[in-house]
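Working notes for the structure below.
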Amino acid sequence: MQLQRRSFLIGAGGAAASGLLSATAVRADDAPEASSDVVGFLGENQAGVYRPASQQQSACFAAFKVLSRDTAELKALLQKLTVKATILGGGHGAGDALPSSELSGVDGAPPVNSGVMGEDIAAANFTLTLGLAASLFDSPVFGLAAKKPKGLTDMKVFPKDQIEEEWTGGDLILQLCADSTDMVHYALRDIMKATRGQLQLQWKINGFHNRPRPDGAPRNLFGYKDGIVNPAQDEQLVWIRGGSGQPSWAEGGTFMVVRIIRMLVEFWDRVGLGEQDNMIGRHRASGAPLGKSKETDTPDYASDPHGETVPLNAHIRLANPRTQETSGSRMLRRGYNYELGVDLNGNMQAGLIFTSFQQNIQEQFEATQTRLANEPMTDYIEPFGGGYFFVVPGVQKDGGFLGEGLFA
Amino acid sequence: MTAPAVSPARPAQGAPTRPQPTQAGPPATMDDAVAAYHEYVAERLTELRQHVLALRANVGNGDVDSAMQAWLDAQQAWQSVGAAYGSFGDLGSAIAPGSRGLEDGAANPDFTGLRRIEYGLWHGQGAGELIPVIDKLLTDVDALEAKLPETAVAPSDMPLRLHEILEDTQRDHLSGRGDQGSGLALALARADVDATQEVLDMLRGLLDNLKSGFPARLDGELAALRAAIDATQKDGAWTDYAKVALAERQAVNAALGRALESLSLVPPLFSTD
Ligand code: HEM
């Protein structure tokens, strides 16, 4: 990766410059995209969950109503989405051939793409992750009731939720991620054009992932490092495996929870640092658990039974008490920050697109959310949208398509 | 202010069926198609004029409900002309300009035409304010009718019209941005579908030669759109688009989007470049 001269001039002193160098694992916004920034599409599991290892900078969560009129149309739709995921994720040069299904066959027809990415489209680590909602399985049109994964329900409304109808629902979600904002926009537009009449946007929200400040996990809009602790893939808390009681077609899939959570940042900024730290359970500057010095340090709740160091109701302590009984309720979090204009009261509408992946929504996400019910941070956040989805297994070989197991 | 409870009774099929142009089959050449279109527009303008006269009488009598119905009839007649995207030049633009680009929007004294009358009717304005606007509209309709025989419709206009009538529907009606208070976007959209179908019928033979089976595909997509729009009617009355249930709006938006994608291939199919 290439460090721009401008970056050096901003970090004047030697210490600042070395801080910058140590953060070079992270892509600078102005670094050119490499054609090697490609996340493989094929695999046992879909991309956009554990792959790529470093979460992309930009995302769009787009939930759609599916208007396909029968099973055959639904299948064709999923095939189309698979083709799109492959082409968009593979990068595409102006001279590269496109499958005939991508072409109108009419001379002088409007261009095959919007041109937003220029002629040569760098994949920028693009991933498309497809999830299906309970409503799709329940629809009499498709007859998929028997295929419905167990525990896939409508999103539960929790005690402090303020759900706005226009931010919920949808039969299908696309999580589109890339390391450039224009690629995410380009991809959504391209996919929508190709599926016009079959998919109709229900709600959509774009998110951004920050760069580390100065290093480690990036910060969320409360100023705290977020994403420090996540279960590794081999802890086997995410992907559905055989013997789980789920329909066999679902193996290799996972459940996705999206919660759009407004963060009352103005209010938060009027709270003292000590109180903020106690609410989260970590030091703001370093990201270390209270009483520790590094973000990677492990909090020691066993020797702090009364919460003298990390309060018993701190977010991280309730979310993950680190006991044997709660170990199975951990999940992979992969959220994005968002900004959405101005609220009626003049405040910034900003917050977190909380996204988690897990094998079991009830035992992982819902159990955690239930523990968090009365955490002090609830006064500063307002969940208002989102949904539950089932992320179908990955496509393992060329010619396969996302959701193929539904039709077997 | 709340919209009056007017529910203009239209047959669910939308605009009344009309006599076909004086030919047996679809026009065989573009010149024939243009001639058929001319004839069609002349008939629509005659209807438009009648509706505007009725509108004038109703406004004069202070009969607001009938005036609203007459406005809708007139506006639908104008939609069925298919005067999308400024065809017929200034004369056409005078009939139903929007309020875009006017300082103070609809309150601007330069705002005229059918949409201005809509604004007045749905904002409690009476004869004093509206009769002069209606008279100006009649003058403009007369001028367009008089000029029509010598107004050349370029052959290249026909395929564009087939595509773009429904672009207008999406841009002005279903976006809510063209509305001046009536909330009757769906009624206008319905008339636009019929206008598109009329133009498709005129170009059918030519289009089928260029791409076999394409007109039939368009028929299917327009039928789906018509059905989705009609499904939003409640007891035969149109609902304000913003108040239509999301699932019904999604069906309309999806069908319109699908049709537009296909229709966008019509101009390049006819293009000789
Ligand atoms: C706007 C809302 C939220 C904010 C601002 C927030 C913030 C944070 C922060 C700063 C951390 C510490 C850094 C880390 O370990 O990644 C954290 C950890 C965590 N959060 Fe949240 N969070 C929010 C919502 C949620 C929700 C809805 C859940 C799940 C129901 C959740 C579950 C967790 C978990 C499981 C951890 C890791 C705890 C650990 O293993 O030590 N968070 N969150």
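Every chain is numbered from 1 and lettered A, B, ... according to where its sequence line falls, protein lines coming before strand lines. This one's a predicted model, so the numbers in the text were calculated from it and none came from an experiment.
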Query raised in the report: At a heavy-atom separation under 4.5 Å, does A/Leu201 approach chain B through its side chain, its backbone, both, or neither?
Result: backbone
**Report entry** Which portion of A/Glu166 sits near chain B, non-hydrogen atoms under 4.5 angstrom
**Finding:** neither
Query raised in the report: Of the listed residues (A/Glu165, A/Arg196, A/Met192), which shares the most heavy-atom pairs with chain B below a 4.5 Å separation?
Result: A/Arg196
Query raised in the report: What do you reckon, is CG of B/Asp219 surrounded by more than 12 foreign heavy atoms closer than 6.0 Å?
Result: yes
Query raised in the report: Heavy-atom distance under 4.5 Å between the side chains of A/Asp107 and B/Ser271, does that happen here?
Result: no
Query - Nearest-0.5 Å distance that lies between atom NZ in A/Lys193 and atom OG in B/Ser264 - result: 5.0 Å
Query raised in the report: From A/Ser104 OG over to B/Glu261 CD, what is the distance, rounded to the nearest 0.5 angstrom?
Result: 10.5 Å
Query raised in the report: Considering all heavy atoms of both residues, which atom of A/Leu67 and which atom of B/Ala254 are nearest to each other, and what is their separation?
Result: CD1-CB, 3.5 Å
Query raised in the report: So which of B/Leu210, B/Leu269, B/Leu260 has the largest heavy-atom pair count under 4.5 angstrom toward chain A?
Result: B/Leu269
Query raised in the report: What part of B/Leu246 is in contact with chain A, defined as an atom under 4.5 angstrom from a non-hydrogen atom: side chain, backbone, both or neither?
Result: side chain
